[in-house]
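Residues: numbered from 1 along the sequence shown. The model shown is predicted, which means the values in this text are computed figures rather than measured ones.
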Amino acid sequence: DAAFGAAALAGLDDLRAGIAALQDEQGARWAETFIAFYLGERLTCGLDASCGLQSLTPDVTRASEATKASYGAALERVARQIAKGLQGKTDEARLQTAWALMALLSGGVTMARSVGSRDARDAIAAHLKQAALALL
């Protein structure tokens, strides 16, 4: 459990750091770039290189309470990092959008990876991209 928890937390820390770097590099366009990356490269890469949010979250549900608590805190840090780069009238509105974006992308990639047809996967990704951009 400790080894799994450490790996899951490292994955989320990498995600948060990557988002922060993208925000610094891309400015106001970071979110569109992130969405395209997540629904492109992260959708088609091998599971060994996939995002910890997408690939490890389902397994955390079976982990210890301590791992869940640590993972939850790390998820919160990722959501707050995303929210920093979003438009919105209030901090709470930006955080709400960040949580929705995280859920849409990670759940959507999981779903798209589960279909056997490349055409179906690509269609799911295209619809997810439209929905994610509409959140912004």
Side-chain angles (χ1 to χ4, degrees):
D1 186 67
F4 170 74
L9 292 177
L12 290 183
D13 288 342
D14 288 347
L15 175 61
R16 191 209 51 74
I19 290 169
L22 197 57
Q23 288 169 335
D24 288 343
E25 294 166 8
Q26 298 287 318
R29 301 225 5 108
W30 81 269
E32 291 88 352
T33 303
F34 176 68
I35 290 166
F37 171 74
Y38 209 90
L39 294 175
E41 184 176 322
R42 286 298 172 238
L43 179 65
T44 58
C45 68
L47 289 177
D48 60 326
S50 69
C51 176
L53 177 64
Q54 177 265 320
S55 60
L56 297 177
T57 298
D59 294 323
V60 173
T61 64
R62 293 181 287 281
S64 70
E65 291 304 316
T67 296
K68 288 179 186 178
S70 297
Y71 196 76
L75 276 175
E76 179 85 19
R77 289 190 295 274
V78 173
R80 291 197 179 281
Q81 185 66 54
I82 290 171
K84 285 180 186 179
L86 297 176
Q87 301 295 318
K89 292 182 180 179
T90 66
D91 289 344
E92 185 60 31
R94 288 187 294 277
L95 187 58
Q96 180 179 356
T97 301
W99 281 114
L101 185 61
M102 286 171 55
L104 177 74
L105 292 175
S106 66
V109 167
T110 299
M111 187 182 304
R113 281 178 170 269
S114 71
V115 299
S117 161
R118 178 182 227 165
D119 289 341
R121 183 196 70 204
D122 293 346
I124 292 168
H127 295 306
L128 289 170
K129 184 175 182 180
Q130 288 177 339
L133 292 173
L135 281 174
L136 303 179

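Summarising the geometry, atom CE belonging to Met102 is positioned 7.0 Å from atom CG belonging to Leu12; distances are rounded to the nearest 0.5 Å. One distance of note links CZ of Arg62 with CZ of Phe4; it measures 8.0 Å at 0.5 Å rounding. Remark: Leu53 CG to Leu105 CG distance equals 8.5 Å, nearest 0.5 Å. Note that CG of Leu104 and CD1 of Ile35 are 8.0 Å apart. Values are rounded to the nearest 0.5 Å. Once rounded to the nearest 0.5 Å, the distance linking CG of Leu75 with OG of Ser106 reads 8.5 Å. Leu39 CG to Thr44 OG1: the interatomic distance, rounded to the nearest 0.5 Å, is 10.5 Å.
Cluster membership check: Val109 shares its hydrophobic cluster with Val115, using side-chain heavy-atom separations under 4.5 Å among Ile, Leu, Val, Met, Phe, Trp and Tyr. Note: the hydrophobic cluster containing Phe37 does not contain Leu22 (ILVMFWY, side chain heavy atoms under 4.5 Å, direct or indirect links). Linking Ile, Leu, Val, Met, Phe, Trp and Tyr whenever their side-chain heavy atoms come within less than 4.5 Å puts Val78 and Leu136 in one cluster.
Shortest non-hydrogen contact noted between Trp30 and Leu86 is CZ2-CD2, 4.0 Å. The two residues Ile124 and Ala112 come nearest to each other via the heavy atoms CG2-CB, 3.8 Å. Across every non-hydrogen atom of Ala79 and Ala98, the tightest pair is O-CB, 3.3 Å. Closest approach of Ala74 and Leu9 over heavy atoms only: CB-CD2, 3.7 Å.
Within the structure, side-chain hydrogen bond (donor to acceptor under 3.5 Å, both in side chains) pairs that include any residue of residues 87-98 comprise Asp91-Arg94 (at least two apart or interchain). Applying the ring pair (Phe, Tyr, Trp, His ring centres under 6.0 Å) test to residues at least two apart or on different chains, none of the pairs has a partner in residues 93-125.
Qualifying side-chain hydrogen bond (donor to acceptor under 3.5 Å, both in side chains) partners for Asp24, counting only residues two or more places apart in sequence or in other chains: none. With sequence neighbours left out, the side-chain hydrogen bond (donor to acceptor under 3.5 Å, both in side chains) criterion links Tyr38 to no other residue. Remark: Thr61 pairs with no residue by the side chain to side chain contact (heavy atoms under 4.5 Å, CB included) rule, at least two apart or across chains.
Side-chain atoms of Arg77 and Asp13, non-hydrogen and from C-beta on, do get closer than 4.5 Å to each other.
Side-chain atoms of Gln81 and Gln23 include a donor-acceptor pair closer than 3.5 Å.
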Inset, instruction - Determine, stepwise, if the pair Ser70 / Thr67 fulfils side chain to side chain donor-acceptor pair (under 3.5 Å). - result: CA-CA 5 Å; Ser70 297; Thr67 296; over 6 Å; no
Show which side-chain atoms of residues 125-132 pair as donor or acceptor with protein atoms under 3.5 Å away, not counting sequence neighbours.
none

